[in-house]
A.B. asks: 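Below is one structure. I have some questions about it.
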Amino acid sequence: MKIVKTVAEVRAQVKEWRDAGLTVGLVPTMGYLHEGHGSLVTASVKGNHKTVVSVFVNPTQFGPTEDLDKYPRDMEHDSAYCEELGADLIFAPEPEEMYHEGNTTFIDMTVLTEELCGLSRPTHFRGVCTVVGKLFNIVRPDRAYFGQKDAQQLAVLKHMNEDLNFGIEIIGCPIVREDDGLAKSSRNTYLSPEERKAALVLSRSIRLGQAMVQGGETDAKKVIDAMTAEINTEPLAKIDYVKAVDGRTMQQVTEIKKPGLVAIAVYIGKTRLIDNFFVE
Ligand code: AMP
């Protein structure tokens, strides 16, 4: 498996594959890979002849007070893990390779980015759409793989793909969890042992909401209130949001119906964690 740092090298490799009639899958990541990322790589390796994993901590999707500088990095582990899973190429550019000096073009989206994480992190999706749009143009994959863990991101990128005619098949993969229920995340490494225990309140509240909806509850307020009460039982937890939205438009709903999404963002100490369930 090769690791390359420049756009030109990715393009040359992908061209070689294309000329040989091979299909290409792309898995965009910020690295520090865990089994959540691994499930996307495995899906891509199964679904395509060749798989490109991008490892890039994208500065434009971090707000000024967020964790860009302390975001965990471990290229040695990431490359060994990708190799083990059967990926073919890692694209690990430096920020200057992705954003040349004087870069003034960004991809901005309305409506779908107005709620949930878009509300708490106002410039986040502009950064996500821009970097993923760039990766789509650099790699030109047949398929791209994203986790349902970042449910709003998945909806936003599906929409961007339609709006901007990228013509890529966007594949959403289920949330991978730790044995005790916590959704896997590179940011879990920030948690102290005490916070790690407290963080279980996220998956507990998700299971509670999901059971209510599966039991036939459609009143969004009742589900949100129950989930909120559950999270508030944990003294280290501070709610950013608990919301029910339409699964396609990401706009808030009062009645939960298909396709729907119930999503939460909760601070455990200083660490902001997210979780969700789809109603499909
Ligand atoms: P990140 O490196 O956090 O930007 O994530 C890269 C990709 O991996 C995104 O599409 C995420 O949704 C996905 N991902 C992260 N954590 C998980 C998880 N626990 N389960 C499934 N996918 C995940």
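Note that ligands are numbered from 1 as they come in the structure, with each ligand's atoms numbered from 1 the same way.
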A.B. asks: Could you go through the salt bridge (Lys or Arg N to Asp or Glu O under 4.0 Å) check for Arg121 and Asp240 one step at a time?
C.D. replies: CA-CA 11 Å; Arg121 306 179 71 191; Asp240 178 2; over 6 Å; no
A.B. asks: Using heavy atoms and a threshold below 4.0 Å, how should the contact between Val27 and ligand 1 be classified: side chain, backbone, both, or neither?
C.D. replies: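 Neither part.
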A.B. asks: Identify whether NZ of Lys or CZ of Arg in Lys158 sits under 6.0 Å from the centre of the six-membered ring of Phe146 and within 45° of that ring's axis.
C.D. replies: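 Not flagged: Lys158 not positioned over aromatic ring of Phe146.
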A.B. asks: Can you spot which of Lys149, Arg177, Lys184 makes a salt bridge (Lys or Arg N to Asp or Glu O under 4.0 Å) with Glu35?
C.D. replies: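 Answer to the salt bridge (Lys or Arg N to Asp or Glu O under 4.0 Å) test with Glu35 among Lys149, Arg177, Lys184: Lys184.
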A.B. asks: Under a 4.0 Å heavy-atom limit, does Pro174 contact ligand 1 with its side chain, its backbone, both, or neither?
C.D. replies: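 Answer for Pro174: backbone.
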A.B. asks: Of the side chain and backbone of Ser186, name the one, both, or neither that has a heavy atom under 4.0 Å from an atom of ligand 1.
C.D. replies: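 The answer is neither; Ser186 stays 4.0 Å or more away.
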A.B. asks: Between the main-chain N or O of Leu112 and the side-chain N or O of Gln152, is there a donor-acceptor pair closer than 3.5 Å?
C.D. replies: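 Present.
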A.B. asks: Using a 4.0 Å cut-off to any heavy atom of Leu40, which atoms of ligand 1 qualify?
C.D. replies: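 In order of number, 7 (C), 8 (O), 10 (O), 13 (C).
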A.B. asks: Which of the atoms in ligand 1, numbered in the order shown and given with their element, are less than 4.0 Å from a heavy-atom of Phe146?
C.D. replies: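 Here the atoms of ligand 1 in question are 10 (O).
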A.B. asks: For the residue pair Tyr81 and His77, categorise the inter-ring angle as parallel (less than 30°), tilted (30 to 60°) or perpendicular (more than 60°).
C.D. replies: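 Aromatic pair Tyr81/His77 classed parallel.
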A.B. asks: When you measure from the centre of the six-membered ring of Tyr190, is the NZ or CZ of Lys70 closer than 6.0 Å and no more than 45° off the axis?
C.D. replies: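 Satisfied, under 6.0 Å and within 45°.
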A.B. asks: Nearest to atom 20 (N) of ligand 1, what protein heavy atom do you find, and at what distance?
C.D. replies: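 Result: Val176 N, 2.9 Å.
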A.B. asks: Can you establish whether the number of heavy atoms outside Phe278 located under 6.0 Å from its atom CZ is more than 12?
C.D. replies: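 Yes.
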A.B. asks: Within ligand 1, which atoms have a heavy atom of Lys184 less than 4.0 Å away?
C.D. replies: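 Here the atoms of ligand 1 in question are 16 (N), 17 (C), 18 (C), 19 (N).
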A.B. asks: Have Tyr71 and Asn58 got a donor and an acceptor in their side chains that come within less than 3.5 Å?
C.D. replies: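 Side chains of Tyr71 and Asn58: no pair found under 3.5 Å.
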A.B. asks: May I ask whether His34 has any heavy atom positioned less than 4.0 angstrom from an atom of ligand 1?
C.D. replies: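 It does; at least one heavy atom falls under 4.0 Å.
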A.B. asks: Numbering the atoms of ligand 1 from 1, which are under 4.0 Å from a heavy atom of Pro28?
C.D. replies: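 Under 4.0 Å from Pro28, ligand 1 has these atoms: 6 (C), 7 (C).
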A.B. asks: Any idea which protein heavy atom is nearest atom 4 (O) of ligand 1, and the distance to it?
C.D. replies: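 Nearest neighbour among protein heavy atoms for atom 4 (O) of ligand 1, to 0.1 Å: Met30 CG, 3.5 Å.
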A.B. asks: Where's the contact between Glu35 and ligand 1, heavy-atom distance under 4.0 Å: side chain, backbone, both or neither?
C.D. replies: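 Answer for Glu35: neither.
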A.B. asks: Looking at side-chain heavy atoms only, is the closest gap between Met98 and Pro59 below 4.5 Å?
C.D. replies: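 A side-chain contact is absent here, since even the closest heavy-atom pair is not under 4.5 Å.
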A.B. asks: Quick one: nearest non-hydrogen protein atom to atom 10 (O) of ligand 1, plus distance?
C.D. replies: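 Result: Gly147 N, 2.9 Å.
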A.B. asks: Of the listed options (Gln153, Lys149, Arg187), which comes nearest to atom 23 (C) of ligand 1 when hydrogens are ignored and any heavy atom counts?
C.D. replies: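 Selected option, by shortest heavy-atom distance: Lys149.
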A.B. asks: Identify the closest protein heavy atom to atom 1 (P) of ligand 1: which residue and atom is it, and at what distance?
C.D. replies: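 That would be His37 NE2, 3.6 Å.
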A.B. asks: Would you say the side chains of Tyr241 and Ser120 form a donor-acceptor pair under 3.5 Å?
C.D. replies: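 No pair is found: no donor N or O on one side chain lies under 3.5 Å from an acceptor on the other.
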A.B. asks: Counting heavy atoms only, which of Asp275, Asp150, Leu154, Ile175 comes nearest to atom 11 (C) of ligand 1?
C.D. replies: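 Going through Asp275, Asp150, Leu154, Ile175 one by one, Asp150 has the nearest heavy atom to atom 11 (C) of ligand 1.
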